[in-house]
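Encoded as structure tokens, the structure appears first; notes follow it.
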Amino acid sequence: MDEEYLEAVLDLVDAIPPGRAMTYGSVAEVVADAFEARGGRRRGGPRQVGQVLARAGGDVPWWRVVAADGRPPAHHAQAALARWRAEATPLGRDGQRIALRSAIWFPDDDSG
DNA sequence: ACATTGACTAATT
DNA sequence: TAATTAGCCAATG
């Protein structure tokens, strides 16, 4: 993984507003799309996004990136829950996963 | 080149 | 909602 890719992912994750979230797949798609638009080949995928966040440590709001079903990474479920509660992120009925219907965010989404 | 693994996703049952 | 299956991209040995 090049630094270009790392930076692209981290920049995007950094741009997610508090109380909102993106899925791994969405992040991967936006980043890959950007690389393609720049004339390069599409790079990365959902798992690569996970790898990047894992390496990034606490330097990014990783709790705003969740799986497609709204669950946090299993290893940091408790920490993620705490963050969500602190940011008033809309949660599902069981309070264990994000309510993507209302919390999902995309670049240029100014609603919020 | 092949197999394994990983903070994944979509379709099927 | 949960379990299975197949697909995906990149790193590692």
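Here is the naming used below: chain letters follow the sequence lines, and residue numbers restart at 1 for every chain.
For the side-chain contact (heavy atoms from CB on, under 4.5 Å) test, residues two or more places apart in sequence or in another chain that qualify with A/Ala77 are A/Pro72. Residues passing the salt bridge (Lys or Arg N to Asp or Glu O under 4.0 Å) test with A/Arg41: none are found, sequence neighbours excluded.
Here the CD atom belonging to A/Glu29 is positioned 9.0 Å from the CE atom belonging to A/Met22, to the nearest 0.5 angstrom. Atom-to-atom distance recorded for A/Phe35:CZ and A/Arg43:CZ is 4.0 Å, nearest 0.5 angstrom. Remark: A/Leu10 CG to A/Trp62 CH2 distance equals 15.0 Å, nearest 0.5 Å. Taken to the nearest 0.5 Å, the CG atom of A/Asp69 stands 8.0 Å off from the CG atom of A/Leu100.
Residues from residues 63-85 of chain A with heavy atoms under 4.0 angstrom of DNA chain B, sorted by number: A/Ala67, A/Ala68, A/Pro73, A/His75.
Read 5' to 3', the first and last nucleotides of DNA chain B with an atom closer than 4.0 Å to a heavy atom of chain A are B/dG6 to B/dA10.
Applying the salt bridge (charged side-chain N to carboxylate O under 4.0 Å, His left out) test to residues at least two apart or on different chains, the pairs with a partner in residues 45-65 of chain A are A/Arg64-A/Glu87.
Nearest heavy-atom pair, A/Gly95 versus A/Leu81, reported as atom, atom and distance to 0.1 Å: O-CD1, 3.0 Å.
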May I have the step-by-step check of side-chain contact (heavy atoms from CB on, under 4.5 Å) for A/Leu91 and A/Ile98, ending in yes or no?
CA-CA 4 Å; A/Leu91 302 183; A/Ile98 280 186; 4.2 Å; yes

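Atom C1' of B/dA7 sits at a distance of 23 Å from the matching atom of C/dG13, rounded to the whole Å.
Just one residue in the list A/Val49, A/Ile104, A/Val65 forms a side-chain contact (heavy atoms from CB on, under 4.5 Å) with A/Thr23, and that residue is A/Ile104.
Residue A/Arg55 is out of contact with every strand shown, counting any heavy-atom pair closer than 4.0 Å.
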Are any protein N/O atoms closer than 3.5 Å to N/O atoms in nucleotides 8-10 of chain C? If there are, list each pair with its distance.
residue: C/dC9; atom: O4'; partner: A/Gln48; partner atom: NE2; Å: 3.3
residue: C/dC9; atom: O3'; partner: A/Gly44; partner atom: N; Å: 3.3
residue: C/dC9; atom: O2; partner: A/Gln48; partner atom: OE1; Å: 2.4
residue: C/dC9; atom: O2; partner: A/Gln48; partner atom: NE2; Å: 3.0
residue: C/dA10; atom: OP1; partner: A/Arg41; partner atom: NH2; Å: 3.4
residue: C/dA10; atom: OP1; partner: A/Gly44; partner atom: N; Å: 3.2
residue: C/dA10; atom: O4'; partner: A/Gln48; partner atom: OE1; Å: 3.2

